[in-house]
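Just below is one structure, and these are the notes that go with it.
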Amino acid sequence: CRQKTVYPNTLLRIDSLIIHNPDSALYMLDLLDDFMSTQPEEIQVYHCLLKTKAREECHQHHVSDLQMKRVARYYQENGSLERLVEAYFLLACVYRDLNDVSLALEYYQKAIEVRTNNPYHSLRSRAYNQMGTLFTNQGMHFEATDVYRKACFHALFECDSFEIAGRYMNLARNFAIHNKIDSTMK
């Protein structure tokens, strides 16, 4: 039976900062780089996941998939499903930035399909929204409409008015692109 990993409090605190203060979180994670080389693999992998998550929240362009492939592989083999969901989502974001649409869509879908005790509505909403953007950029507006609707559905569970408004705005924009303005109100 595998023992549950206990992560250092510093990394857990940084994780809680990422959404609202990603630049500060990234700075703190960078300060820990040298220290991480002496830590067990599970701590190093978590640190890498957090750095990628912070970079994503800072809207930094990802330039390589090597680190996140390692993270995803680790969580596939050893880690928790909750971390695997995040790893798949972030790996999809990396592929999005590398302009590999098919792999980005594949990993967003994997993130959505992992079954956990936590429904991860916010992450699923973000994944569907990213898929919608990729479909829209490919001119696949009907596919985009489907995933934008799913993004809206999951956003409603989070009770985050900013997220909800953003998802509905993308859905409405997609309707406008293929001249279905009346559908934006349905």
Side-chain angles (χ1 to χ4, degrees), residues 12-26 49-62 68 71-72 75 80-186:
L12 295 173
R13 286 189 188 120
I14 291 171
D15 190 7
S16 68
L17 283 174
I18 290 176
I19 294 297
H20 298 291
N21 298 88
D23 52 344
S24 298
L26 186 56
L49 178 120
L50 293 179
K51 281 189 81 167
T52 304
K53 184 177 176 180
R55 284 186 186 116
E56 178 65 18
E57 292 299 320
C58 287
H59 306 286
Q60 291 184 3
H61 189 81
H62 305 288
M68 278 313 300
V71 170
Y75 288 123
S80 69
L81 290 176
E82 288 78 14
R83 299 277 184 246
L84 182 60
V85 169
E86 279 189 294
Y88 282 158
F89 176 80
L90 292 169
L91 187 53
C93 293
V94 169
Y95 286 128
R96 175 205 63 214
D97 286 356
L98 295 175
N99 294 317
D100 192 331
V101 174
S102 62
L103 279 175
L105 290 170
E106 177 183 333
Y107 278 94
Y108 284 130
Q109 192 63 44
K110 283 184 177 190
I112 290 164
E113 290 174 353
V114 172
R115 295 291 172 227
T116 66
N117 292 335
N118 184 334
Y120 286 101
H121 288 294
S122 180
L123 191 133
R124 285 190 168 101
S125 175
R126 291 176 66 197
Y128 280 125
N129 193 62
Q130 290 290 329
M131 291 171 76
T133 300
L134 291 172
F135 284 135
T136 298
N137 292 343
Q138 299 294 313
M140 302 170 70
H141 301 294
F142 295 107
E143 292 84 351
T145 299
D146 181 50
V147 293
Y148 279 141
R149 281 189 171 132
K150 291 175 181 176
C152 293
F153 172 80
H154 286 283
L156 289 171
F157 285 95
E158 290 302 309
C159 299
D160 179 339
S161 57
F162 182 75
E163 186 174 330
I164 294 166
R167 302 305 179 250
Y168 276 102
M169 180 186 69
N170 288 338
L171 178 61
R173 185 181 303 127
N174 189 61
F175 281 129
I177 288 170
H178 58 277
N179 295 319
K180 296 205 177 216
I181 303 297
D182 58 328
S183 296
T184 62
M185 301 307 292
K186 292 181 184 177

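Start at 1 with the first residue, then count along the sequence. Here the structure is a predicted model, which is why all the values come from computation and not from measurement.
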Review item, side-chain donor-acceptor pairs of residues 137-145, under 3.5 Å, at least two apart:
unit_1 : atom_1 : unit_2 : atom_2 : d
Asn137 : ND2    : Thr133 : O      : 3.3
His141 : ND1    : Asn174 : OD1    : 3.2
Thr145 : OG1    : His141 : O      : 2.9
Thr145 : OG1    : Asn174 : ND2    : 2.4

In this structure, CG of Leu17 is separated from CG of Leu12 (nearest 0.5 Å) by 11.5 Å
Ring-face cation contact, Tyr107 with Lys110, 6.0 Å cut, 45° max: yes
Given side chain to side chain contact (heavy atoms under 4.5 Å, CB included), test Cys93 with Leu91 step by step and report yes or no. CA-CA 5 Å; Cys93 293; Leu91 187 53; over 6 Å; no
Intermediate values then yes/no, side chain to side chain contact (heavy atoms under 4.5 Å, CB included), Leu81 and Arg115: CA-CA 8 Å; Leu81 290 176; Arg115 295 291 172 227; 5.9 Å; no
Between Arg83 and Leu49 the two heavy atoms that sit nearest each other are O-CD1, 4.0 Å
Does the gap between the ring centers of Tyr128 and Tyr148 come in under 6.0 Å?
no
Closest heavy-atom pair, Met68 versus Ala87, reported as atoms and distance to 0.1 Å, is CE-O, 3.5 Å
Is Glu82 close to Tyr120 at the side-chain level, that is, under 4.5 Å between some pair of heavy atoms?
yes
CE of Met169 to CD1 of Ile164, rounded to nearest 0.5 Å, is 14.0 Å
Walk me through it: do Asn170 and Arg173 pass the test side-chain hydrogen bond (donor to acceptor under 3.5 Å, both in side chains)?
-> CA-CA 5 Å; Asn170 288 338; Arg173 185 181 303 127; 2.9 Å; yes
Residue pairs passing the side chain to side chain donor-acceptor pair (under 3.5 Å) test with at least one member in residues 17-26, sequence neighbours excluded, are none
Lys/Arg-Asp/Glu bridge criterion (N-O < 4.0 Å) met for Glu57, Lys53: no
Interatomic distance, CZ@Arg124 vs CZ@Phe157, rounded to 0.5 Å, equals 11.0 Å
Between Ile18 and Leu50, the two heavy atoms sitting closest are CD1-O, 3.6 Å
Could you check Arg96 against Glu56 for salt bridge (charged side-chain N to carboxylate O under 4.0 Å, His left out), going step by step and ending with a plain yes or no?
-> CA-CA 11 Å; Arg96 175 205 63 214; Glu56 178 65 18; 2.9 Å; yes
Closest heavy-atom pair, Ser122 versus Glu163, reported as atoms and distance to 0.1 Å, is OG-OE1, 3.3 Å
The reported gap from CD in Gln130 to CZ in Phe89 (rounded to nearest 0.5 angstrom) is 5.5 Å
Heavy atoms of Ala111 and Val85 approach each other most closely as CB-O, 3.7 Å
Value for CD (Glu158) from OG (Ser125), rounded to nearest 0.5 Å, stands at 8.0 Å
Go through the steps to decide whether Arg167 and Lys150 satisfy the test side chain to side chain contact (heavy atoms under 4.5 Å, CB included), and finish with yes or no. CA-CA 9 Å; Arg167 302 305 179 250; Lys150 291 175 181 176; over 6 Å; no
| message | Could you go through Leu156 and Tyr168, starting from their C-alpha distance and side-chain angles, then the distance that decides it, and tell me whether this counts as side chain to side chain contact (heavy atoms under 4.5 Å, CB included)? | response | CA-CA 10 Å; Leu156 289 171; Tyr168 276 102; 3.8 Å; yes
Q) Do side-chain atoms of His62 reach the backbone of Leu98 as a donor and acceptor pair under 3.5 angstrom? A) no
Output for pair (Gln109 CD, Tyr88 OH), nearest 0.5 Å, gives 12.5 Å
Here the pair of heavy atoms bringing Ala72 nearest to Leu84 is O-CD1, 3.9 Å
